[in-house]
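Report on one structure; see the data block that follows.
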Amino acid sequence: MSATADHAETNLAVRLGFQPGMVVQEIGYDEDAEEELREVIEATTGQDLVDEDYDDVADVVLLWIREDDGDLTDALVDAIGLLDEDGQIVLLTPKPGRDGYIEPSEIGEAAKTAGLAQTKNLNAGKDWTGSRLLTPKAARKK
């Protein structure tokens with residue numbers, strides 16, 4: 001990968017809210033996950049992603065979710081419980097036309113019901129869209 005491509009991908013991680021030193025807990029990883037995005041997040045934070053068995057609070061929950069993975073609101077509420085008080089969730093969902101696609105209106109409704117503020121949506125790779133969701137305390141700090 002070229003230095004320019006590395007810089008562009010690192011900027012994606014930063015635009016999604018990742019910063020050096022953050023603990024990122026990954027939930028819902030499967031073989032369809034965007035490996036390059038995962039690598040760039042680790043490069044940006046300077047730390048390996050921690051898995052679902054991590055037993056402390058995280059700064060960010062990286063939540064891969066597809067339409068058939070269960071109730072989105074429940075998944076978001078569960079993710080909030082894993083966060084530091086001013087943490088955030090980066091929700092990754094398949095792009096339109098991909099298996100497991102979730103309508104943006106469903107994401108917005110689930111985020112609102114879970115008490116999260118949706119700040120931005122970004123292209124998170126070939127097959128994924130990223131939505132940055134903040135807890136109320138984190139949203140007030142922005």
Side-chain angles (χ1 to χ4, degrees), residues 1-139 142:
M1 186 176 303
S2 72
T4 304
D6 279 344
H7 181 70
E9 288 185 8
T10 301
N11 282 341
L12 171 61
V14 170
R15 287 193 323 262
L16 284 169
F18 295 98
Q19 298 173 13
M22 284 184 154
V23 174
V24 180
Q25 187 170 11
E26 184 177 42
I27 307 293
Y29 173 83
D30 205 344
E31 63 188 32
D32 63 348
E34 195 77 39
E35 291 299 325
E36 287 181 24
L37 176 62
R38 297 175 76 244
E39 291 168 8
V40 117
I41 291 168
E42 288 179 338
T44 300
T45 63
Q47 301 193 53
D48 291 339
L49 300 175
V50 296
D51 66 15
E52 297 175 6
D53 296 326
Y54 184 68
D55 62 1
D56 201 354
V57 293
D59 298 303
V60 180
V61 169
L62 183 65
L63 179 60
W64 302 90
I65 196 156
R66 301 130 193 104
E67 182 180 42
D68 59 352
D69 285 346
D71 186 75
L72 179 55
T73 303
D74 288 346
L76 293 174
V77 170
D78 290 347
I80 291 168
L82 304 172
L83 289 172
D84 189 30
E85 65 183 24
D86 61 348
Q88 67 178 337
I89 297 169
V90 174
L91 175 66
L92 296 162
T93 57
K95 287 183 176 178
R98 309 301 198 282
D99 284 344
Y101 171 71
I102 299 172
E103 291 287 339
S105 59
E106 185 179 340
I107 294 169
E109 183 178 321
K112 184 177 179 181
T113 301
L116 296 165
Q118 187 171 0
T119 63
K120 61 175 77 175
N121 293 322
L122 294 169
N123 176 5
K126 180 174 70 104
D127 295 319
W128 295 87
T129 297
S131 300
R132 187 172 176 211
L133 308 172
L134 302 179
T135 61
K137 188 164 188 168
K142 291 291 169 197

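As a basis for the values below, the full set of heavy atoms in this structure was taken, side chains included, without hydrogen atoms, waters or symmetry mates.
Atom CG of D30 has more than 12 heavy atoms from other residues, nucleotides or ligands within 6.0 Å.
Identified under the ring-ring contact (aromatic ring centres under 6.0 Å, His included) test for residues 82-102, with sequence neighbours left out: none. Counting only residues at least two apart or on different chains, no salt bridge (charged side-chain N to carboxylate O under 4.0 Å, His left out) pair has a member in residues 41-65. Sorted by first and then second residue, the ring-ring contact (aromatic ring centres under 6.0 Å, His included) pairs involving residues 77-97 (not counting sequence neighbours) form an empty list. Every pair passing side chain to side chain donor-acceptor pair (under 3.5 Å) that includes a residue from residues 67-76 is listed here, sequence neighbours excluded: R66-D69. Counting only residues at least two apart or on different chains, the ring-ring contact (aromatic ring centres under 6.0 Å, His included) pairs with a member in residues 39-67 are W64-W128.
Side-chain atoms of Q118 do not come within 3.5 Å of backbone N or O of A111 as any donor-acceptor pair. Listed for the K95 side chain is no donor-acceptor partner under 3.5 Å among the backbone atoms of N123.
Between I41 and V60, the closest side-chain pair of non-hydrogen atoms is not below 4.5 Å. In this structure the side chain of Q47 never reaches within 4.5 angstrom of the side chain of M22, judged on heavy atoms. Inter-residue side-chain proximity for T119 and L133 is flagged as unmet; no heavy-atom pair is nearer than 4.5 Å. Looking at heavy atoms from C-beta onward, D78 lies out of side-chain contact with L82 at the 4.5 angstrom threshold.
Not counting sequence neighbours, the partners of D127 by the salt bridge (charged side-chain N to carboxylate O under 4.0 Å, His left out) test are R98.
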Audit row: Q25, V23, side chain to side chain contact (heavy atoms under 4.5 Å, CB included) steps and yes/no: CA-CA 7 Å; Q25 187 170 11; V23 174; 5.7 Å; no
Pair L37, L92 - check side chain to side chain contact (heavy atoms under 4.5 Å, CB included), show working. CA-CA 11 Å; L37 176 62; L92 296 162; 4.0 Å; yes
Could you walk me through whether V90 and V61 pass the side chain to side chain contact (heavy atoms under 4.5 Å, CB included) check? CA-CA 6 Å; V90 174; V61 169; over 6 Å; no
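Rounded to the nearest 0.5 Å, atoms CD1 (I80) and CD (Q88) are 12.5 Å apart. Taking CG from L12 and CG from L122, the interatomic distance works out to 6.0 Å, rounded to the nearest 0.5 Å. L91 CG to I102 CD1: the interatomic distance, rounded to the nearest 0.5 Å, is 6.5 Å.
Across every non-hydrogen atom of A114 and L76, the tightest pair is CB-CB, 3.9 Å. Here the closest non-hydrogen pair linking T135 and G87 is OG1-O, 3.3 Å. Here the shortest heavy-atom pairing between L63 and I89 reads CB-CG2, 4.2 Å.
Salt-bridge check for E35 with R38: passed, with a basic side-chain N closer than 4.0 Å to an acidic carboxylate O.
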